[in-house]
Amino acid sequence: MPNPELIQVTLPDGTARAVPSSSKAGQALREAAGSLSSDVLAVKVNGVLRDLDSTLTEDASLEPVTFDSPEGKEVYRHSSTHIMAQAVKEVFPSAQLAIGPAIRDGFYYDFAFERPFTPEDLEQIEARAHEIIKADHAFKRMEMPQQEAVEFFKARGEKLKEEILRNLEDATVSLYHQGDFVDLCRGPHVPSTGRVKTLKLLSSAGAYWRGDERNPMLQRIYGTSFPSQDQLDAHLANLEEIKRRDHRKLGKELDLFTIQDEIGPGLVLWHPKGALIRLLIENFWRAQHLQQGYELVYSPHIARLDLWKTSGHVDYYRENMFAPMKVEASEYQLKPMNCPFHIMIYKSHLRSYRDLPIRYAELGTVYRYERTGVMHGLFRLRGFTQDDAHLFCRPDQIEAETTRVLDFTFSVLRTFGFSEFEVYLSTRPENATGSPESWTQATGALEAALKGRGVLYQIDPGEGIFYGPKIDIKIKDALGRAWQCSTIQVDFNNPERFGMAYTGEDGKAHRPIMIHRALLGSIERFFGILIEHYAGAFPTWLAPVQAKVLCITDRQRDYAEAVVAQLKAAGLRAEADLRNEKVGFKIREAEKAKVPFMLVVGDREVEAGTLSVRGRSGANLGSMPAQKVVDLIQADMASTVSAQ
RNA sequence: GCCGGCGUAGCUCAGUUGGCAGAGCAGCGGUUUCGUAAACCGCAGGUCGGUGGUUCGAUUCCACUCGCCGGCUCCA
């Protein structure tokens with residue numbers, strides 16, 4: 001018989017050890033491993049995240065949790081936000097606690113307070129938080145019946161905590177305190193405030209209680225914390241890098257686009273260089289679609305309101321639509337979507353099962369009403385262009401079509417320089433239309449396509465759209481940020497609403513399935529992502545100016561112009577800088593414009609019939625004749641596009 | 001839409017007890033003809049986002065309004 005006073009703990013490496021029952025988890029870890037690093041913040045007991053001083057009552061597998069794991073970061077930041085909250089309560093006792101979770105790269109805490117926090121307030125709070133860290137208060141967990149906790153927070157005047165508690169269904173709740181500060185909290189936490197090595201408050205902003213704009217506005221403070229100053233500095237440098245790459249800033253500096261007051265918010269003016277890049281993107285897109293068996297179509301920007309009643313948009317999408325306009329006796333609507341048009345093209349003929357799948361693609365510019373305050377550069381606009389396509393197929397073709405779209409999507413995204421993806425499959429939501437059988441069948445087809453291609457994906461349960469399941473693909477940019485661009489959505493609803501049909505082998509009418517799909521999402525938004533991904537230094541195939549010929553003195557002007565003519569004849573985008581400026585100045589300007597190739601010509605080059613080639617950011621590629629330069633640039637273009 | 005911050009020359013930004021509006025860069029005119037990220041001199045450039053109010057007088061104070069930025073919310 002095992003000793004009832006002893007329990008067995010097992011480490012991830014298989015080490016096992018018997019420790020007295022009711023040992024602290026941290027103590028057990030130390031005994032089993034021989035030592036306990038101060039990096040260990042918490043512990044997973046049988047897979048459940050717990051405090052180091054939680055008590056063990058039975059045999060358990062123990063896994064130390066450090067900052068390196070997502071859970072460790074979560075615990076670390078969660079403890080950090082408690083420290084900040086304590087500081088706020090000490091500096092501003094009238095502030096009431098709302099909630100304070102860890103978030104990606106940091107944490108926030110919401111407070112009910114009589115006024116917004118100022119930058120000076122944040123400094124004061126941060127200073128106080130550093131004192132709390134220095135004091136190294138232990139985080140102590142205590143449990144009490146819910147009713148008792150309600151009374152406890154009521155007595156302390158924490159009305160929001162009281163409200164949260166009243167909505168909790170647990171009979172027993174846990175509280176954590178460090179020093180005099182107490183908060184309702186599930187935990188776990190690091191052992192003591194001193195474990196948080198750095199803590200920096202970043203900003204404050206208004207935020208609604210429970211995220212609902214009908215609720216009162218709270219004051220949110222954002223901050224972050226890291227185990228070392230180096231890591232914090234790296235994170236702050238990363239924030240600077242994000243600012244440096246901001247497409248709104250680069251768009252202006254590189255003269256790509258503007259969004260102007262006089263035109264209206266959320267509406268873009270494409271300047272020549274930006275428009276050229278867009279043209280290159282679109283040309284590539286169209287050529288690829290034709291190759292992939294799509295048919296390109298165009299549709300108008302407005303249509304009778306009745307069309308949008310049939311599609312259901314008037315019912316469920318009205319808040320995102322501009323107001324209808326009166327034209328003669330009927331009402332017309334600026335289009336928020338392209339799908340009804342493609343459906344009507346389908347419906348213009350009787351369709352046979354032999355015709356399916358039919359694939360219509362369009363770079364369709366849509367207009368959606370976005371509330372002021374949500375527009376954001378090219379990322380969130382009122383007028384934007386979807387790289388839209390609608391596939392009409394039989395139910396048994398969903399999987400094959402999805403497979404084709406997946407292959408196509410990854411190939412196109414790779415060409416644009418993205419190689420890391422996150423894929424999500426969203427399943428049936430509460431308010432779904434369509435029969436459960438069709439949902440099961442379609443979801444199964446999407447999943448089979450993903451599996452067939454060996455794509456790793458996560459399931460988002462219940463996150464499908466009401467009309468069908470979908471696959472979303474996020475791309476990771478150069479800074480590791482994920483952007484959702486591509487989407488593949490099965491639609492049972494619209495074929496029904498529009499009474500779509502095809503004639504089957506049996507001579508009877510059948511209902512086709514519709515698949516909405518976008519690869520880039522919106523051209524504008526994708527362009528913005530590209531700008532940030534490349535920090536404005538577009539790959540050569542997309543660079544608006546691929547080569548700039550820089551003469552050193554006026555003596556080389558004729559030669560420079562002849563070179564430009566030769567490059568242009570070879571199909572390259574080249575310009576000459578013939579100004580009476582020093583070459584250093586011309587290089588500086590070309591660098592700022594992110595021109596991939598700078599071709600310097602002085603007397604030596606004229607004499608030898610060559611060009612001195614300087615790559616972007618300073619690489620000296622040597623001197624060579626113009627034809628060699630053409631080869632070099634074309635090879636550089638091909639290296640990117642060949643990924644397709 | 002809501003909370004906070006902001007709006008001065010093409011761009012980046014100075015400008016406090018309310019008293020004729022400034023710099024650098026860009027632009028234009030000269031000089032310079034130069035070897036891999038900023039030559040020099042000069043000139044011009046603004047109903048200080050808009051409207052209304054207070055005042056002898058408003059870029060400055062107040063109200064309203066438009067827009068931008070950071071969030072909330074929502075999404076491509």
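Throughout, a chain's letter reflects where its sequence line sits, starting with A, and its residues are numbered from 1.
A:Tyr369 has its side chain out of reach of A:Leu334: every pair of non-hydrogen atoms, C-beta onward, lies at least 4.5 Å apart.
A sub-4.0 Å separation between OP1 or OP2 of B:A37 and a side-chain N or O of A:Arg614 is present. In this model, the phosphate group of B:C75 is not approached by any side-chain N or O of A:His376 to a distance below 4.0 Å at OP1 or OP2. Listed pair A:Arg555 / B:C34 meets the phosphate criterion, a side-chain N or O lying under 4.0 Å from OP1 or OP2. Taking 4.0 angstrom as the limit, A:Lys586 places none of its side-chain polar atoms (N or O) nearer than this to OP1 or OP2 of B:C34. Contact between the side-chain N/O atoms of A:Arg248 and the OP1/OP2 oxygens of B:C69 is found at a separation under 4.0 Å.
Heavy atoms of A:Val600 sit under 4.0 angstrom from at least one base atom.
The side chain of A:Gln484 sits closest to B:A76 out of B:G4, B:G27, B:A76. The side chain of A:Lys582 lies closest to B:A39 when the candidates are B:A39, B:C72, B:C3. Distance from the side chain of A:Ala205 is smallest to B:G70 among B:U12, B:C2, B:G70. Side-chain atoms of A:Arg579 lie closest to B:G27 of the nucleotides B:A37, B:A39, B:G27.
Judged by distance alone, with hydrogens and angles left aside, A:Glu605 brings a side-chain donor or acceptor within reach of the base of B:G35, the pair sitting under 3.5 Å. The base of B:A38 is paired with the side chain of A:Arg588 by a donor and an acceptor separated by under 3.5 Å. No hydrogens or angles were tested; on distance alone, nothing pairs the side chain of A:Arg368 with the base of B:C75 as donor and acceptor under 3.5 Å. Contact annotation: side chain of A:Glu370 to base of B:A76, donor-acceptor pair present below 3.5 Å. A:Tyr208 contributes no side-chain N or O that forms a donor-acceptor pair with the base of B:G71 under 3.5 Å.
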Pairs under 3.5 Å (Watson-Crick or G-U), crossing ones as [ ], inter-strand ones as |: RNA chain B comes out as (((((((..((((.....[..)))).(((((.......))))).....(((((..]....))))))))))))....
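Here A:Trp270 and A:Phe527 bring their ring centres to under 6.0 angstrom of each other.
Atom-to-atom, CD of A:Glu114 to C1' of B:C3 comes out at 15 Å; the value is rounded to the nearest Å. A straight line from CE of A:Met217 to C1' of B:G5 spans 14 Å, rounded to a whole angstrom.
In this structure, the aromatic ring of A:Phe384 is positioned over the six-membered ring of the base of B:A76, centres within 5.5 Å and planes within 30°.
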